[in-house]
There are 2 protein chains.
Amino acid sequence: MTMEIICINGVQFMLREYGKGHKWCHGQFKARGYRMTLGREAILDVLAQANRHLSAEDIFMKVYKVYPNIGLTSVYRTLDILVNIGLVHKFDFGHGRARYELAEEPKGRRHHHHLVCTGCSRVIDYEDFIDEEVALLKKTEEALSIKYNFTIMNHLIQFYGLCQICRNEGK
Amino acid sequence: MTMEIICINGVQFMLREYGKGHKWCHGQFKARGYRMTLGREAILDVLAQANRHLSAEDIFMKVYKVYPNIGLTSVYRTLDILVNIGLVHKFDFGHGRARYELAEEPKGRRHHHHLVCTGCSRVIDYEDFIDEEVALLKKTEEALSIKYNFTIMNHLIQFYGLCQICRNEGK
DNA sequence: ACATTAATTGATAATGGTTATCATTTACAG
DNA sequence: CTGTAAATGATAACCATTATCAATTAATGT
Ligand SMILES: [Mn+2]
Ligand SMILES: [Mn+2]
Ligand SMILES: [Zn+2]
Ligand SMILES: [Zn+2]
């Protein structure tokens, strides 16, 4: 429980297995005046390596394995910060809990939208927009901005339906 | 507390002040095998006359005024049914509680999307650019259906930003 | 009108994700 | 190394939504 052992082990382990590929996130984080801690670093690592949309508890459990000192509260707090900064996107897919995902980076993951299966709750990312989709989106945003005097910061676009598996099962 | 008085008063009052303009909803409701009760009728009335997006408690309070027997549980249950039937849309605007809105009817309200102000939580309906938007949406949906073998049933499109008032206040 | 019966109801308690508290620990500028 | 504000985690509280269940009621047939 002393920070020593876990800290030493944690740091060394992290420096090897983690702490890669999100220097940019670190920069953004500290640039905003936030302190970088082991917990926060681990959370960023988990998010960076996630291939699905994680809940706060998902993240907590993954972080716990490498950093047992972590508390669920800190996960929520860190996610809150990350969402406010814009480094992480928070989604509600109707599963009763929020899901988080690393936001697009300069030369990292691209912006995308979601297909949500109402049968099995799976979520599919898609970013292969038709060029037209982007064009109309921009056009719509501009028109709306003017008509409603509304400054659009971002958008949420989700399609609900049934994935192949669920459709075959007749759910 | 006896059903008599409230029932009689309620019915008469409702027949005058309410119970208009949503015969279609009633039909849909009963056609699905659900029974029409005073509470459910009052809920439909409140939804039909709402000019904003109501929470379950909003609805409860409005119904309570004309039908004090109503229970919050029944509001939730009825809304659940209405959402499942497709007569009502349930939204999460990030306010911590679900918001409900009567769905589009054959010759009633039109389908629309939302502008959500992150400053004051106001929500603006817009259906202006829907035609063009819908055309491309359909196109996008078709492309996605094929590529991901995903049957799209409906979509959620929201734009987040700042309304005029909040922008001026520098929130 | 009346009896029958399954649907519906509302009071109440429980659930569960998220937040607030607060004493303790820690990152980091000086 | 020190001082100090930021960050943490254990814990309790919050609060929207659900589950439970006995009582009521709408609808159907007589
Ligand atoms: Mn995604
Ligand atoms: Mn609306
Ligand atoms: Zn599915
Ligand atoms: Zn506003």
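This is a predicted model, so every value here is computed, not measured. First the proteins, then the strands, lettered A, B, ... as listed; each starts at 1.
Contacts of residues 71-87 of chain B with DNA chain C (heavy atom under 4.0 Å): B:Gly71, B:Thr73, B:Ser74, B:Arg77.
Counting heavy atoms from C-beta on, the side chains of A:Leu156 and A:Phe91 come closer than 4.5 Å.
Between B:Phe60 atom CZ and C:dA11 atom P there is a gap of 8 Å when expressed in whole angstrom units. With rounding to whole Å, A:Ile70 atom CD1 is found 14 Å from D:dA7 atom P. Atom CE in B:Met36 sits about 10 Å away from atom P in C:dT8, given to the nearest Å. When rounded to the nearest whole Å, the span between CG of A:Asn69 and P of D:dG9 equals 6 Å. To the nearest angstrom, P of C:dA29 lies 8 Å from CZ of A:Arg35. Spacing between atom CZ of B:Arg97 and atom P of D:dT18 amounts to 14 Å, rounded to whole angstrom units. Between the CD1 atom of B:Ile43 and the C1' atom of C:dT8 there is a distance of 12 Å, rounded to whole Å. Distance, A:Glu57 CD to D:dG9 P: 16 Å, rounded to whole Å.
Of all non-hydrogen atoms in A:Phe29 and A:Met36, the two that sit nearest each other are CD2-CE, 3.5 Å.
Between A:Gly33 and B:Thr37, the residue anchored closer to the 5' end of DNA chain D is A:Gly33, taking for each the nucleotide with the nearest heavy atom. Projected onto DNA chain D by closest heavy-atom contact, B:Ala98 and B:Lys30 fall at different nucleotides, the more 5' of which corresponds to B:Ala98.
Proximity of a side-chain donor or acceptor of B:Thr140 to a complementary backbone N or O of B:Leu136 within less than 3.5 Å is detected.
With 3.5 Å as the limit, one finds a donor-acceptor pair spanning the side chains of A:Arg167 and B:Thr151.
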Self-check item: Secondary structure of DNA chain D in dot-bracket form (Watson-Crick or G-U wobble, distances below 3.5 Å, | marking inter-strand pairs)
Solution: ||||||||||||||||||||||||||||||
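Between A:His155 and A:His111, the ring planes lie perpendicular to each other; the angle is over 60°, past the 30° to 60° tilted range. A:His95 and A:Phe93 have tilted rings, their planes meeting at an angle from 30° to 60° on a 0 to 90° scale.
Each of A:His53, A:Arg110, A:His113 was evaluated against A:Asp125; a single residue qualifies, A:His53, per the side-chain hydrogen bond (donor to acceptor under 3.5 Å, both in side chains) test.
The pair B:Glu101-B:Arg109 counts as a salt bridge, with a side-chain nitrogen and a carboxylate oxygen less than 4.0 angstrom apart.
In this structure, the side-chain contact (heavy atoms from CB on, under 4.5 Å) partners of B:Ile124, at least two apart in sequence or on a different chain, are A:Tyr148, A:Phe150, B:Leu115.
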